[in-house]
Amino acid sequence: MFRLLQWLPLLLLLPPPGSPEPPGLAPLSAGAPPQAPDLLYADGLRAYAAGAWAPAVALLREALRSRAALGRARLDCGARCAAEPGAALPASPGPDSGPGAARGAWEPLLLRAALRRAECLTQCGARRLGPGGAARLRVGSALQDAFRRREPYNYLQRAYYQLKKLDLAAAAAHTFFVANPTHLQMREDMAKYRRMSGVRPQSFRDLETPPYWAAYDTGLELLGHQEAALALPWLEEALQESLAQVESCRAGCEGPEEQQKAEEEAEGTGSSGGLYEAIAGHWIGVLRCRQRCVGDTATRPGRSFPVPDFLPSQLRRLHEAHAQVGNLSQAVENVLSVLLFYPEDEAARKALDQYQAQLGEPRPGLGPREDIQRFVLRSLGEKRQLYYAMEHLGASFKDPDPWTPAAFIPEALREKLREDREKTPWDREPPQPKPLTHWKDVLLLEGVTLTQDARQLNGSERAVLDGLLTPAECGVLLQLAKDAAESGARSGYQGRRSPHTPHERFEGLTVLKAAQLARAGVVGSQGAQLLLEVSERVRSLTQAYFSPDRPLHLSFTHLVCRSAIEGEQAQRMDLSHPVHADNCVLDPDTGECWREPPAYTYRDYSGLLYLNDDFQGGHLFFTEPNALTVTEWTEAKELLQEPEKEEGEGMPSRDPAPEPPSHRLQRVQDKAGKPPRVREEL
C-alpha cells in the first residue's frame, strides 16, 4: 500500500493520451497562483528519479517560477505598503521628552504602525500569491542554497536531453555551468553538447544571470575601445539594474526565511528574551541581510568574491564617460555621487574642480544623483543601528563596505575592528602537533613508531608511521588481493580497469566485496577479516595521533593493486593519480578548493598503508593549490624504512597524490626498460 501511494502522484502527472506536447514543454500559465517551491522541487526530483522526464521538467520549471514570483511579490508588496497613506513609522521621541511621555506617546504608535504594515503585507501577499500569501511559500535554507547553486538546471538539462530537446538541454546545462564552473561532470556534458549536431552556439545561453552583468560587461568593453558615447547607455543601464537588484535582495531580507535563521541562531546560543529582545534580534538579522545585498549583487555567478567597490566604480566610469562626450552636468552629478562614498577622494575632487571650471557659473540644483543619495543615507542609517547593537547588545556584524566613515563606528569598537580587518588567514595558525621526540616515547599502538612528523613533511596534519602490520599480516592481505584479482572481481571506480591512467592496471577490493567473496569461497575468510581489522587499526591510529575534536568514522577502505602495463610506459606524460584533494574539488586556475560534490566533502583524513616494497615509483608529493608547485616530495623508499620486511606505513593526510610531472619520466622505467613491479597499498 505504501509503495502504491508513493507512486500515485507521478501517475497523476503523466500527459494525457493525445497530448500534443509534454506538459514540461508547454507554456506556464502566468495568471495561476504559484505553489510552494519546496514541494514542487521535491516532487520534481521524485519524478526525475522515476524517469518521468516530462513531469520532472514541468515540476522543476514550476518550482523556479514559484520562487521568482515569491521574490517579485515581496518586492512589489513592500514598496506598495510603504507608500500607503499613514504607513510611515512614527519619529523617535525627542531629547526633551521625559521617559514617561516617550513611552506613552511613542510606543503605541510604533506598534500600531507595525500592525498596519503587517496587515497590508498579508493582504497584498494573499492577492498576489493566493491564500496564505508568502507564509505558505516559505523556502528553507537548504532549498535556498540549492537554488543559489542552480541545482534545478542540472536536473533539467538531463530531463530535456531525454525528451530530445537538445536546445533546451544545452541552455539548462550552460545555466548551471556558469554558476558552477568547476563542476567536472557538467564540464564533460558541455563538451558533449557542443559536439551534437542539433545544438547551435546560440543554445548555450544563461537563463538566470541578471541582465545588469551583460550591460556592465558591454559598457566596459566599449570604454576599452574608446567608445564613450556608445558605452554610456550600457553603463547607465548597468547601474540602474544593479540598484534594482539590491532592492530585490533587500525585499527578501524581510521574509520568513530570515526570521527562521534568527530563530535557529537564538536556539544555538541558548538565548531567550521577551517581546523587545525578540523584535531587536529579528531586526538586527534583517539589517545584516540588507547590508550583504550589495556584495551579493556584485558577485558574479560562479565567483566567490564580489567586484570591489561595485557601485562607486560604476559611478567613476560614468562621470569619466560623460566628460569625454561633453555632458558636464551629468559628469558633475556622478562625481558628486562618488564623493558621497569617499568624501576625501583626491581624484574625484580634482575631476569635480575641472568640471565646474569648464561649466563656468555655478548651476543651482546640480548635486549628487538622487538614487545614490537615498542609497547612501539609508545604508549609513542601518550601519549606525548595527554598530549600536554591536556595542550594547553584543550583536555580531561584519561591515562589507570599505567606505563606511570611521565616525559611524563606536570608539570602543574601532580598535578591535581594525585588528580583525588587518588579520589575514595565515595569522590563524593551526595548533602544532607534538614534536617527534615526544611521540617516540609514546606507545600509540603496539609496535607502531613515528618516523616523520608534520614539520618534516612541510605541512600540517601529516605523519608517517611504521610498524602497523607484521610481515605475516602483510602477506595475508597481499594474497587476498591476488586471489580477488585472479577471480576477476573488482570493486570501486565502477569496476574500471584503468580509472586514473591508461598506462596502469588498477585492481581494487572493498571490505564488502571481500566479505562476499569469502562467503562464496573465492578468497580466504582470514584475509577478509584482517582487511576489516586493519581498517579499524588505521582509524584508531589516526584518532590517537591527530586527536580531532570529534570521533573519526571510516568512510571507505580500498585494497588496491596498481601495476604498469607493458609496452605503455614509453614517453608517458601523465601522473599515476592526478593531483587532487579528497574532500573538495580542486580548481588549480583559481587556487580554490570547492567543498561540494563530487568530492567526498564529509572526509577529514586520507591514509595510505603500503604492504610491499618491491616496486619502483609510488612516491607521494604535496602541492600548492595550483597543483603545480611541489611543497613536499617523499620517496617511497623513505616511507619504507626497512626494505627487507614487508611492513606497511600509514600516511594520514588531507591531500595525498602520486609523483609530480617534473619527476615522472625518469622514474617510470628502470634502466633495463622493464616496467616496474606491482605496488600494493591499502
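These figures come from a predicted structure and were not determined experimentally.
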If you round to the nearest 0.5 Å, how far is [atom2] of [Y] from [atom1] of [X]?
X: Glu507; Y: Arg562; atom1: CD; atom2: CZ; value: 12.0 Å
X: Met190; Y: Phe177; atom1: CE; atom2: CZ; value: 6.0 Å
X: Arg149; Y: Asn180; atom1: CZ; atom2: CG; value: 8.0 Å
X: Glu151; Y: Leu45; atom1: CD; atom2: CG; value: 9.0 Å
X: Leu477; Y: Leu531; atom1: CG; atom2: CG; value: 6.5 Å
X: Leu480; Y: Ser525; atom1: CG; atom2: OG; value: 10.5 Å

Check: Just checking, any donor-acceptor pair under 3.5 angstrom between side chains of Glu536 and Ser540?
Finding: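 Looking only at side-chain atoms, Ser540 and Glu536 do form a donor-acceptor pair, the distance falling under 3.5 Å.
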Q: Using the side-chain contact (heavy atoms from CB on, under 4.5 Å) rule, take Glu473 and Glu533 through it: C-alpha gap first, then chi angles, then the decisive distance, then the call.
A: CA-CA 11 Å; Glu473 289 173 328; Glu533 292 177 3; 5.9 Å; no
Review point. Centroid-to-centroid, Trp53 to Tyr48, below 6.0 Å?
Key: yes
Ignoring hydrogens, what is the shortest heavy-atom contact between [X] and [Y]? Give both atom names and the distance.
X: Pro152; Y: Ala146; answer: CD-O, 3.8 Å
X: Asp604; Y: Arg595; answer: OD1-NH2, 4.1 Å
X: Leu143; Y: Pro37; answer: CD2-C, 3.9 Å
X: Ser487; Y: Val522; answer: CB-CG1, 3.4 Å
X: Leu469; Y: Cys474; answer: CB-SG, 3.9 Å
X: Ala484; Y: Leu517; answer: CB-CD1, 4.1 Å

Run the ring pair (Phe, Tyr, Trp, His ring centres under 6.0 Å) test against [X] and tell me which residues pass, sequence neighbours left out.
X: Phe204; value: none
X: Phe176; value: His183
X: Phe147; value: Tyr41

- Item | Beyond-backbone contact of Tyr161 with Met196, side-chain heavy atoms, under 4.5 angstrom |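 In contact.
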Side chain proximity check, Phe305 to Thr299, heavy atoms < 4.5 angstrom: no
Stepwise side-chain contact (heavy atoms from CB on, under 4.5 Å) check, Thr557 with Thr510: CA-CA 6 Å; Thr557 299; Thr510 63; over 6 Å; no
Does [X] reach the main-chain N or O of [Y] with its side chain, forming a donor-acceptor pair under 3.5 Å?
X: Arg537; Y: Leu468; answer: yes
X: Arg603; Y: Ser555; answer: no
X: Thr175; Y: Leu207; answer: yes
X: Ser203; Y: Val199; answer: no
X: Asp483; Y: Val523; answer: no

Quiz item: Tyr153 and Leu64: side-chain contact (heavy atoms from CB on, under 4.5 Å), yes or no, with the steps?
Solution: CA-CA 10 Å; Tyr153 290 98; Leu64 291 166; 3.6 Å; yes
Pairing residues for [X] by the side-chain contact (heavy atoms from CB on, under 4.5 Å) criterion, not counting sequence neighbours:
X: Gln526; result: Val476
X: Val178; result: Arg150, His174, Asp206, Thr209, Pro301
X: Ala528; result: Ala514, Ala518

Answer yes when Arg67 and Asp38 have at least one side-chain N-carboxylate O distance shorter than 4.0 Å, and no when they do not. no
- [ ] Starting from the C-alpha separation in whole Å, work towards a yes-or-no answer on salt bridge (charged side-chain N to carboxylate O under 4.0 Å, His left out) for Asp296 and Arg148.
- [x] CA-CA 11 Å; Asp296 292 345; Arg148 178 182 55 80; over 6 Å; no
(message) Quick one, Cys593 with Val585, criterion side-chain contact (heavy atoms from CB on, under 4.5 Å). Give me CA distance, side-chain angles, the key distance, then yes/no.
(response) CA-CA 5 Å; Cys593 210; Val585 179; 5.8 Å; no
TODO: Inspect the surroundings of OH in Tyr193 and state if more than 12 heavy atoms from other residues, nucleotides or ligands are less than 6.0 Å away.
DONE: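 Atom OH in Tyr193 is crowded, with more than 12 foreign heavy atoms closer than 6.0 Å.
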Flag if over 12 foreign heavy atoms under 6.0 Å of CZ, Arg519 |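 No, the 6.0 Å shell around CZ holds no more than 12 heavy atoms from other groups.
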